[in-house]
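A note on names: the letters A, B, ... follow the listed sequences, proteins ahead of strands, and every chain is numbered from 1. We use all heavy atoms of the structure for the numbers below, so side chains are in, but hydrogens, waters and symmetry mates are not. Remember, predicted model here, so these are calculated numbers, not experimental data.
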2 protein chains.
Amino acid sequence: MANELDRLDLKILDRLQVDASESSSEIAERVGLSQSPCWRRMQRLKAKGYIKAQVAVLDREKLGESMYIFAQLQMGRLTDEERDRFTQAIEDIPEITEAYTLFGEMDVMLKVLAPSMGWYQAFTFRTLLRLPGVQDVRSTATLSEIKCTHRLPLPSL
Amino acid sequence: MANELDRLDLKILDRLQVDASESSSEIAERVGLSQSPCWRRMQRLKAKGYIKAQVAVLDREKLGESMYIFAQLQMGRLTDEERDRFTQAIEDIPEITEAYTLFGEMDVMLKVLAPSMGWYQAFTFRTLLRLPGVQDVRSTATLSEIKCTHRLPLPSL
DNA sequence: TATGAAAAGATAATCCC
DNA sequence: GGGATTATCTTTTCATA
């Protein structure tokens with residue numbers, strides 16, 4: 001991380017992870033600083049890239065029936081060009097919300113937000129299995145959500 | 001979803017998913033509205049719960065070495081009380097960023113942000129396997145991140 | 001009922017210490 | 001880093017269609 005962050009910076013980052021709609025004075029008070037230095041730190045944290053974005057978290061259930069499905073892909077050997085097309089395809093499909101390469105026998109883990117089982121069935125055959133290099137898809141549907149956050153645990157708080 | 005949302009509301013929600021730091025005038029311009037009706041819609045979307053929170057997205061890599069690991073848990077039968085303790089424990093462990101109950105033979109999928117393999121080894125034996133009802137843990141480590149977002153695909157945009 | 005315009009209030013951003 | 005000032009944006013009110 002390059003320790004250019006002190007405890008106050010970490011406190012600020014963690015507050016922003018929880019609620020980024022607070023004013024700089026409110027955050028300042030929470031972390032024990034006055035408004036202007038706190039604001040300066042926030043600007044610095046954005047400029048240095050520690051804060052990548054500020055986004056609204058929507059209520060998935062209120063926006064319609066949908067379920068997360070984990071899909072593990074087994075991949076064949078890919079040329080650089082195919083790998084780029086694969087990556088780009090994943091970027092371009094909004095229902096794929098996360099994608100990771102894996103250790104072990106399956107090669108890629110996807111998290112897919114599926115509007116329905118029928119949709120996912122078609123998605124598997126018409127989309128996933130046609131992506132460059134995809135040889136096999138193993139899917140695990142989720143039943144319910146226990147926890148879902150993007151808050152990163154910050155060291156030494 | 002109860003169609004109390006029109007296309008403008010969905011456009012606003014999607015903008016906020018991408019960048020919630022924009023002013024209401026900027027968002028108004030993007031969706032083709034003037035500032036005050038746009039602002040009122042945003043308020044309504046918050047009040048009705050479509051917008052759950054507004055958070056900063058941090059750069060995980062800049063904040064130190066870490067890797068996501070997917071852990072699939074096989075669970076035994078749980079009493080209601082044990083289930084509550086299990087759920088609470090998951091809530092309380094910040095390194096567990098997501099948790100879902102599953103269809104199929106494994107019962108729970110966790111996404112864990114591990115600072116290191118050594119940490120995860122200890123976490124498996126000292127924490128996961130001691131949670132109420134946990135009988136077996138199968139872990140899949142990720143090698144690299146291809147995509148990671150919380151942006152929900154919104155219908156009819 | 002929804003919109004637009006405009007005033008009042010709060011916040012962000014800058015300056016100086 | 002803190003305090004005070006200015007610029008900007010948010011939020012409320014009011015008039016209009």
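Within 4.0 Å (heavy atoms only), Ser36(A) reaches at least one base atom of the nucleic acid. Among the atoms of the strands shown, only primed sugar atoms or phosphate atoms (P, OP1, OP2) are found under 4.0 Å from some heavy atom of Arg41(A). Here Ser23(A) lies in heavy-atom contact (under 4.0 Å) with sugar-phosphate atoms only. Contact annotation for Leu33(B): no contact, since no heavy-atom pair falls under 4.0 Å across all strands.
Look at CD on Glu29(A): it is 14 Å from P on dA12(C), rounded to the nearest Å. In this structure, CD of Glu22(A) is placed 15 Å from C1' of dA10(C), rounded to the nearest angstrom. Rounded to whole Å, the distance from CE on Met42(B) to C1' on dT10(D) is 9 Å. For the pair Lys46(A) NZ and dA13(C) C1', the computed distance is 11 Å after rounding to whole Å. Per the geometry, CZ belonging to Arg44(B) stands 20 Å off P belonging to dT10(D), to the nearest Å. Counting to the nearest Å, the P atom of dC15(C) and the CD atom of Gln43(A) are 14 Å from each other. In this entry the distance linking CD of Gln54(A) with P of dT11(C) reads 15 Å, nearest Å. In this structure, the CD1 atom of Ile12(B) is 13 Å from the P atom of dA2(C), given to the nearest Å.
Between Arg41(A) and Asp6(A) there is a salt bridge, since at least one side-chain N of the basic residue sits less than 4.0 Å from a carboxylate O of the acidic one.
A side chain to side chain contact (heavy atoms under 4.5 Å, CB included) with Leu73(A) is found for exactly one of Leu129(A), Leu110(A), Asp107(A), namely Leu110(A).
Taking side-chain N and O atoms only, Trp39(B) has a distance below 4.0 Å to OP1 or OP2 of dT11(D). Residue Ser24(B) places at least one side-chain N or O closer than 4.0 Å to OP1 or OP2 of dT10(D).
Between the side chains of Glu4(A) and Tyr50(A), at least one donor-acceptor pair of N or O atoms lies under 3.5 Å.
Mapped onto DNA chain D by nearest heavy atom, Cys38(A) and Gln35(A) fall at different nucleotides, with Cys38(A) at the one closer to the 5' end.
Checking side-chain atoms of Ser25(A) against main-chain N and O of Gln35(A) turns up no donor-acceptor pair under 3.5 Å.
Ring-plane geometry between Phe123(B) and Trp119(B) is classed as parallel, the angle between the planes falling under 30 degrees on a 0 to 90 degree scale with a further cut at 60.
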